[in-house]
Amino acid sequence: VEKVEKVNVAERHQFQVKATMLTQDENIVDIESSVQYQVTEAEKFLFNVRDQQTSISQVTESALRQVIGRSQMDFVMTEGRSEIASRIKVITQEIADSYGMGILVVEVNLQNASPPAEVRDAFQDVTQAREDQVRLINEAEADRNEILPKARGHAARLREEADGYKQEVTARAD
């Protein structure tokens with residue numbers, strides 16, 4: 001025995017993963033995530049993996065690429081962030097367990113998901129156009145909901161007047 005390596009199993013370790021990835025709809029997105037893990041089995045942590053920090057980082061990046069690659073860009077950048085983070089956590093834990101790394105992935109946070117700087121302006125234009133489209137559709141539906149009942153009422157009144165005129169003419173003719 002040359003040296004003793006002590007592993008604090010109560011300590012939470014944290015690291016960042018930053019990468020540019022391709023989404024399912026073939027868009028490029030810059031991702032920043034934070035991962036927290038805890039050593040659960042010191043023997044496995046020390047002896048089953050040569051460079052623990054690099055291995056955990058690569059496992060997390062692999063899980064991140066897998067999840068982002070199966071997701072649409074809009075989902076990644078909007079409502080899907082928490083679901084994506086939980087999927088990354090599960091996949092990272094599964095891979096770490098299969099490698100016998102002796103860790104527990106405590107938390108994965110998707111901190112930032114944005115288009116690359118080179119296309120950010122174009123992406124914002126697309127986002128603005130979608131918002132404008134939704135706004136215009138809502139305005140058109142509001143107009144429709146205001147105009148149609150008035151038009152139906154006017155048509156019903158004209159029908160009643162026509163029926164009244166018809167009965168008047170028929171009565172005079174009789």
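- Proximity of Thr60 to Val108: side-chain heavy atoms (C-beta onward) are nowhere separated by under 4.5 Å.
- The shortest non-hydrogen separation linking Thr92 to Ala63 is OG1-CB, 3.4 Å.
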With a cut-off of 3.5 Å and sequence neighbours excluded, list every side-chain donor-acceptor pair involving residues 49-56.
unit_1, atom_1, unit_2, atom_2, d
Asp51, OD2, Thr54, OG1, 2.6
Gln52, NE2, Phe45, O, 2.6
Gln52, NE2, Val49, O, 3.4
Gln53, OE1, Tyr37, OH, 2.9
Ser55, OG, Asp51, O, 2.9

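- For Gln14, the side-chain contact (heavy atoms from CB on, under 4.5 Å) criterion is met by Gln16, Ser34, Gln36, not counting sequence neighbours.
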What side-chain donor-acceptor pairs closer than 3.5 Å can you find for residues 93-107, not counting sequence neighbours?
unit_1, atom_1, unit_2, atom_2, d
Gln93, OE1, Val105, N, 2.6
Gln93, NE2, Asp97, OD1, 2.8
Gln93, NE2, Ile103, O, 3.1
Ser98, OG, Ile95, O, 2.7
Glu107, OE2, Asn109, ND2, 3.3

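- In this structure, Thr23 and Gln72 have side chains that are not in contact, with every pair of non-hydrogen atoms separated by 4.5 Å or more.
- For the pair Ile84/Ser71, a side-chain contact is recorded, criterion being any heavy-atom separation below 4.5 Å from C-beta on.
- Remark: the backbone N or O of Val9 is paired with a side-chain donor or acceptor of Gln38 at under 3.5 angstrom.
- Environment of CG in Leu22: crowded, with over 12 heavy atoms of neighbouring residues, nucleotides or ligands closer than 6.0 Å.
- Counting heavy atoms from C-beta on, the side chains of Ile91 and Val67 come closer than 4.5 Å.
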Before giving the answer on side-chain contact (heavy atoms from CB on, under 4.5 Å), spell out for Ser33 and Ile88 the whole-Å C-alpha distance, their side-chain angles and the decisive distance to 0.1 Å. CA-CA 10 Å; Ser33 65; Ile88 293 167; 5.8 Å; no
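- The stretch residues 4-18 participates, sequence neighbours left out, in these salt bridge (charged side-chain N to carboxylate O under 4.0 Å, His left out) pairs: Lys3-Glu5.
- In this structure, CD in Glu41 is found 11.5 Å from CG in Leu46, a value given to the nearest 0.5 Å.
- Atom CE of Met21 sits about 3.5 Å away from atom CG of Leu64, to the nearest 0.5 Å.
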Cut-off 3.5 Å, no hydrogens considered: what does the side-chain donor-acceptor table look like for residues 164-172, sequence neighbours left out?
unit_1, atom_1, unit_2, atom_2, d
Glu168, OE2, Arg172, NH2, 2.4
Thr170, OG1, Lys166, O, 2.7

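- Listed by chain and residue number, Ala155, Ala156 satisfy the side-chain contact (heavy atoms from CB on, under 4.5 Å) test with Arg159 (two or more places apart in sequence, or in another chain).
- Inter-residue side-chain proximity for Ile68 and Val29 is flagged as met; some heavy-atom pair is nearer than 4.5 Å.
- Looking only at distances, a side-chain donor or acceptor of Ser86 sits under 3.5 Å from a matching main-chain atom of Glu83.
- One distance of note links CD of Glu160 with CG of Asp163; it measures 5.5 Å at 0.5 Å rounding.
- Contact detail for Pro115 and Met73: the closest heavy-atom pair is CB-CE, 3.9 Å.
- Applying the side-chain contact (heavy atoms from CB on, under 4.5 Å) rule to Glu131 yields the partners Thr127, Gln128; only residues at least two apart in sequence or on another chain are considered.
- Within the structure, salt bridge (charged side-chain N to carboxylate O under 4.0 Å, His left out) pairs that include any residue of residues 62-71 comprise Glu61-Arg65 (at least two apart or interchain).
- Residues in residues 26-35 take part in no salt bridge (charged side-chain N to carboxylate O under 4.0 Å, His left out) pair, two or more places apart or across chains.
- Residues in residues 138-150 take part in these side-chain hydrogen bond (donor to acceptor under 3.5 Å, both in side chains) pairs, two or more places apart or across chains: Arg135-Glu139.
- Applying the salt bridge (Lys or Arg N to Asp or Glu O under 4.0 Å) test to Glu161 and every residue at least two apart in sequence or in another chain returns Arg157.
- Not counting sequence neighbours, the partners of Glu43 by the side-chain contact (heavy atoms from CB on, under 4.5 Å) test are Phe47.
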After noting the C-alpha distance and the side-chain angles of Ile31 and Leu110, does the key distance pass the side-chain contact (heavy atoms from CB on, under 4.5 Å) rule? CA-CA 8 Å; Ile31 300 287; Leu110 202 58; 3.6 Å; yes
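- Among all heavy-atom pairs drawn from Val76 and Arg81, the shortest one is O-CG, 3.2 Å.
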